[in-house]
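Take a look at the following structure, please.
The residues of the chain are indexed from 1 along the displayed sequence. Read the numbers this way: they start at 1 and go in the same order the structure lists the ligands and their atoms.
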Amino acid sequence: MAEKSYAVIGLGRFGSSVVNHLHKAGYEVMAVDENEERVQEHVEAATHAVQADSTDEQALRDVGIGNFDVVVVAIGVDIQASILTTLLLKELGVKRIVAKAQNPRHGQVLYKVGADRVVFPERDMGIRVAHNLVSPNVLDFIELSPDYGVAEVAVSEKMQGKSLVELNVRAQFGVNVVAIKTNNDFNIAPGPEVLLQEGDILIVVGHNDDLRRFEEEM
Ligand code: ATP
């Protein structure tokens, strides 16, 4: 399969981070912003960096936006520009549009005008930090849906030297330990008899309420 090509519109902190990561990973990525200074800052970090107003249909055509497999709309503050851009991208036949939303209403509108995926970076980061604040053992948390998530949980003193079957996590909390990370090794699908050690990290999937209980009580 040919490698995908990406375009990122809006080079604020979020868009810039997406551009940098894709470029470092070896993908073709075009960085677009209406602000020339922002464009200049990305000349090295992108395959192409171009100045264009993404609410101008002709400008989008001129940069060949329809040729990219995935376009990321990373405009935040100017909600109107983010919505109009998404709509134009859809009309120009972009196959996959990923858009950043400021809030749930903004997100709903983005879906309505054609976004294939909407991301809420500030909200998601807030959730991750909050999980870690409530329980310092929680190293990371990713929401899979409003109800389900995946947590990365450091093995607590209470868990050390015990096996998953002894801890009875599934029956007690209704969550599943899908992997155990020891140093840099991943044990995926760990057996119930594996003894947990200090420094191990559990990757746990479950309902958010169950995960919260697990995080608090373990
Ligand atoms: P972050 O939180 O990621 O830093 P933000 O949510 O504050 O970003 P903005 O600063 O609103 O996002 O926008 C990000 C970038 O999008 C800015 O560099 C801005 O110049 C650019 N931008 C805004 N409107 C347009 C537009 N119509 N066309 C192209 N770029 C745009």
Side-chain angles (χ1 to χ4, degrees), residues 4-133 139-146 149-150:
K4 282 187 174 162
S5 59
Y6 298 86
V8 177
I9 302 175
L11 303 172
R13 287 158 300 181
F14 175 74
S16 181
S17 166
V18 175
V19 168
N20 279 304
H21 189 80
L22 288 172
H23 190 62
K24 279 197 193 125
Y27 291 98
E28 183 192 341
V29 52
M30 177 171 75
V32 183
D33 203 292
E34 63 180 0
N35 178 328
E36 183 59 38
E37 247 173 71
R38 288 265 161 104
V39 175
Q40 286 310 319
E41 284 163 15
H42 289 79
V43 168
E44 306 260 297
T47 321
H48 316 279
V50 292
Q51 191 269 331
D53 174 1
S54 60
T55 61
D56 175 349
E57 184 173 345
Q58 192 53 47
L60 286 178
R61 285 183 195 278
D62 291 345
V63 301
I65 207 77
N67 300 326
F68 290 85
D69 297 309
V70 184
V71 179
V72 179
V73 183
I75 301 170
V77 177
D78 189 346
I79 289 183
Q80 202 171 317
S82 133
I83 293 166
L84 188 52
T85 299
T86 305
L87 181 75
L88 289 173
L89 293 174
K90 190 74 188 172
E91 285 184 352
L92 291 169
V94 173
K95 280 175 258 151
R96 187 161 165 77
I97 305 168
V98 178
K100 166 183 137 146
Q102 293 277 81
N103 56 56
R105 282 244 181 279
H106 183 196
Q108 274 178 340
V109 178
L110 290 171
Y111 275 123
K112 285 225 186 298
V113 297
D116 298 287
R117 180 167 174 218
V118 176
V119 293
F120 301 85
E122 286 89 355
R123 182 203 64 178
D124 291 352
M125 202 49 178
I127 292 173
R128 287 167 128 170
V129 171
H131 272 268
N132 178 260
L133 292 174
L139 306 175
D140 204 354
F141 180 88
I142 299 168
E143 204 181 56
L144 298 175
S145 75
V150 182

Enumerated ligand 1 atoms positioned under 4.0 Å from heavy atoms of Ser54
26 (C), 27 (N), 28 (N), 29 (C)
Heavy-atom pair with the smallest gap, counting every atom of Lys100 and Phe14
CD-CD2, 3.5 Å
Please could you name the atoms of ligand 1 that Thr55 approaches to less than 4.0 Å, counting only its heavy atoms?
27 (N)
How long is the straight-line distance from CD of Glu41 back to CG of Leu11, given to the nearest 0.5 Å?
8.5 Å
Ligand 1 atoms in contact with Phe14 (distance to a heavy atom under 4.0 Å)
1 (P), 3 (O)
Distance, nearest 0.5 Å, that separates NZ of Lys112 from NZ of Lys90:
13.5 Å
Ala52 near ligand 1, heavy-atom distance under 4.0 Å?
yes
Taking heavy atoms and a distance under 4.0 Å, where does Ser16 meet ligand 1: side chain, backbone, both or neither?
neither
Look only at interatomic distance and state if Asp53 has a nitrogen or oxygen under 3.5 Å from any nitrogen or oxygen of ligand 1.
yes
Nearest non-hydrogen atom to atom 31 (C) of ligand 1 belongs to which of Glu37, Glu36, Lys100, Glu34?
Glu34
Run the numbers for me: atoms of ligand 1, each under 4.0 Å from some heavy atom of Arg13, listed by number.
1 (P), 2 (O), 3 (O), 4 (O)
Which atoms form the tightest heavy-atom contact between Ile75 and Ser54, and what is the distance?
CD1-OG, 3.6 Å
Measure Arg38 to ligand 1 on non-hydrogen atoms and call it side chain, backbone, both or neither using the 4.0 Å cut-off.
side chain
For Gly12, take its heavy atoms, then give the atoms of ligand 1 lying under 4.0 Å from any of them.
3 (O), 4 (O), 14 (C), 15 (C)
Verdict with reasoning, Gln51 to Gln40, per side-chain contact (heavy atoms from CB on, under 4.5 Å):
CA-CA 9 Å; Gln51 191 269 331; Gln40 286 310 319; over 6 Å; no
Please identify which of these residues, Asp33, Ile65, Ile97, Val72, meets the side chain to side chain contact (heavy atoms under 4.5 Å, CB included) condition with Ile9.
Ile65
Pair Asp69, Arg96 - check salt bridge (Lys or Arg N to Asp or Glu O under 4.0 Å), show working.
CA-CA 6 Å; Asp69 297 309; Arg96 187 161 165 77; over 6 Å; no
Any N/O pair Ile9/ligand 1 closer than 3.5 Å
no
Where does the angle between the aromatic ring planes of Phe141 and His131 fall among parallel (under 30°), tilted (30 to 60°) and perpendicular (over 60°)?
parallel
Test of understanding: given a 4.0 Å heavy-atom threshold, classify the contact between Ala74 and ligand 1 as side chain, backbone, both, or neither.
backbone
Heavy-atom distances under 4.0 Å decide this one: backbone, side chain, both or neither, for Asp33 against ligand 1?
both
